[in-house]
Amino acid sequence: MGFGFRTITPSGPPEMFIHNKRLMYTVRVAEPNPGLATLMLEQFGGPQGELAAAMRYFTQALGEEDAGRKDMLLDIATEELSHLEVIGSIVAMLNRGAKGKMAEAALEEADLYLSLNDRGESHTTSILYGGAPALVNSAGLPWTAAYVDSIGDPVCDLRSNIAAESRAKIVYERLINVTDDPGIKDALLFLMTREVAHQKSFEKALYAIEPNFPAGKIGGLPEFSDKYYDLSQGEGNERGPWNEGEQWEYVDDEDDQTAVDGGDGSASVVLEPADQASVNAFALRTASDPDANPVTGADLGAGPGAGKTTVLID
């Protein structure tokens, strides 16, 4: 198949992976560049990176009830693993010169230090990881499962996947813009393009679900579904399709923006008598005396710039 990993689904479980030693896309790096390697880690172990995408789609697939979506998610999750291999190979090739110099102490101390920081911050990958692609982002923060934001509802997850592919596409654009290495640009353009293709697949899958908005089973309250509350008023107020037209009831009167349920806008709870007595006792014990104006440490230590303070009179 020409890519790093392949999903095999025999007549029944278990599912398995086999590795194909040919990359999905050929990696050609013109010269080592440890600084650029550090930037490339954003798509290896970062929140918009390939590992996060693979884990997001793989775990969604395991819980998916629809056969078509399950197959799509497994296909794309597996492809993301192959992309991880491509971007990781780019990182490894960019670090290859520094890796050898570090391992063999091939340079004098000062020259080695300069080599490790050639064209960017790279000591993290060189010292901690020996030039290998590490599961960290470009700032050295470790990969975390918190990057996987699946919630177990296909309508929600597909919309999240669309957004994730869009963000990854932008990160690839930025990486393309910081290198003039034609081989790296070529591989990054491929990876960026596949983000576009995945977004299209996810959008088609989303709109194959009817209805797909709003998410979930419980509908919104009709009296609030079409209201737009103008809660940031003043210079800069703008109207557009997001808040005007027949679809919207625009609410800019402050009196109509509070207690919108018709109540008094307060918070209350019904307590058992014993609990109410405890709350009352606590409130009484911790009550503030509005007539008190005691001398405090701030008064005693006040100096220039303290403003007005309580004056201690003998």
Side-chain angles (χ1 to χ4, degrees), residues 1 3-9 13-17 24-25 42-87 137 143-175 188-222 224-226 228 240-243 247-248:
M1 292 187 187
F3 63 95
F5 291 87
R6 176 159 67 101
T7 305
I8 301 296
T9 22
E15 295 169 347
M16 59 181 290
F17 293 94
M24 188 175 189
Y25 202 84
E42 195 62 39
Q43 286 302 85
F44 193 76
Q48 320 306 335
E50 302 295 353
L51 179 62
M55 294 300 97
R56 181 183 295 114
Y57 308 148
F58 185 67
T59 52
Q60 286 176 15
L62 294 178
E64 181 58 70
E65 299 298 332
D66 182 87
R69 290 195 301 268
K70 185 182 187 75
D71 182 53
M72 175 194 68
L73 287 164
L74 284 172
D75 285 340
I76 296 179
T78 307
E79 183 178 346
E80 301 289 14
L81 287 175
S82 75
H83 294 178
L84 184 73
E85 189 177 26
V86 171
I87 196 75
N137 70 359
W143 187 87
T144 168
Y147 295 156
V148 178
D149 56 1
S150 304
I151 199 169
D153 181 277
V155 166
C156 292
D157 287 340
L158 286 168
R159 282 193 166 91
S160 179
N161 296 351
I162 291 165
E165 295 292 328
S166 300
R167 293 192 299 267
K169 195 261 187 185
I170 294 301
V171 175
Y172 274 124
E173 278 195 21
R174 293 171 180 171
L175 291 174
L188 294 179
L189 276 168
F190 166 75
L191 294 172
M192 183 200 76
T193 303
R194 294 305 299 159
E195 308 294 349
V196 177
H198 294 165
Q199 180 176 336
K200 287 166 38 177
S201 292
F202 289 137
E203 290 210 15
K204 290 294 186 182
L206 172 63
Y207 287 98
I209 303 172
E210 297 182 1
N212 61 65
F213 180 84
K217 184 177 180 180
I218 301 174
L221 296 171
F224 299 116
S225 294
D226 301 326
Y228 182 94
W242 54 87
N243 64 12
Q247 181 177 349
W248 295 107

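For the numbers below, each heavy atom of this structure counts, side chains included, while hydrogens, waters and symmetry mates do not.
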F202: which residues meet the ring-ring contact (aromatic ring centres under 6.0 Å, His included) condition with it, sequence neighbours left out?
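For F202 the ring-ring contact (aromatic ring centres under 6.0 Å, His included) partners, ignoring immediate neighbours, are Y57.
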In the structure I gave you, are the side-chain heavy atoms of [X] and [Y] within less than 4.5 Å of one another anywhere?
| X | Y | answer |
| --- | --- | --- |
| Y25 | E85 | no |
| F58 | L74 | yes |
| E64 | L73 | yes |
| Y172 | Q48 | no |
| L51 | F44 | no |
| D66 | I209 | no |
| F213 | V155 | no |
| P47 | E42 | yes |

Around atom CD1 of I151, are there more than 12 heavy atoms from other residues, nucleotides or ligands closer than 6.0 Å?
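Check fails, neighbour count at 12 or below.
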- Message: Does R174 have more than 12 heavy atoms from other residues, nucleotides or ligands lying within 6.0 Å of its CZ?
- Response: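 Result for CZ/R174: open.
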Can you find a side-chain donor-acceptor pair between [X] and [Y] that sits under 3.5 Å?
| X | Y | result |
| --- | --- | --- |
| Q60 | N161 | yes |
| E203 | Q199 | yes |
| E80 | H198 | yes |

I need the minimum non-hydrogen distance between [X] and [Y], along with the two atoms involved.
| X | Y | answer |
| --- | --- | --- |
| I76 | S201 | CD1-CB, 4.2 Å |
| D149 | R167 | OD2-NH2, 4.5 Å |
| A52 | Y147 | CB-CB, 4.0 Å |
| A215 | C156 | CB-SG, 3.4 Å |

Using only atom types and a distance under 3.5 Å, with no angle test, would you say the side chain of [X] pairs donor to acceptor with the backbone of [Y]?
| X | Y | result |
| --- | --- | --- |
| T144 | A146 | yes |
| R69 | L206 | no |
| W242 | Y228 | no |
| S160 | D157 | no |
| K70 | A61 | yes |

**Asked** Which is it for L175 and Q43 under the side-chain contact (heavy atoms from CB on, under 4.5 Å) test, yes or no, and what are the steps along the way?
**Response** CA-CA 9 Å; L175 291 174; Q43 286 302 85; 3.7 Å; yes
Side chain to side chain donor-acceptor pair (under 3.5 Å) filter on T193, not counting sequence neighbours, yields none
Checklist entry - Do E173 and K169 meet the salt-bridge criterion of a basic N to acidic O distance under 4.0 Å? => result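 E173 and K169: salt-bridged.
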Supply the atom-to-atom distance [X] [atom1] to [Y] [atom2], rounded to the nearest 0.5 angstrom.
| X | Y | atom1 | atom2 | answer |
| --- | --- | --- | --- | --- |
| K200 | E165 | NZ | CD | 12.5 Å |
| D75 | T78 | CG | OG1 | 6.5 Å |
| R194 | L189 | CZ | CG | 14.0 Å |

Give the C-alpha distance, both sets of side-chain angles, the deciding distance and a yes or no for side-chain contact (heavy atoms from CB on, under 4.5 Å) between M72 and L158.
CA-CA 11 Å; M72 175 194 68; L158 286 168; 4.1 Å; yes
**Asked** Could you walk me through whether F190 and H83 pass the side-chain contact (heavy atoms from CB on, under 4.5 Å) check?
**Response** CA-CA 10 Å; F190 166 75; H83 294 178; 4.1 Å; yes
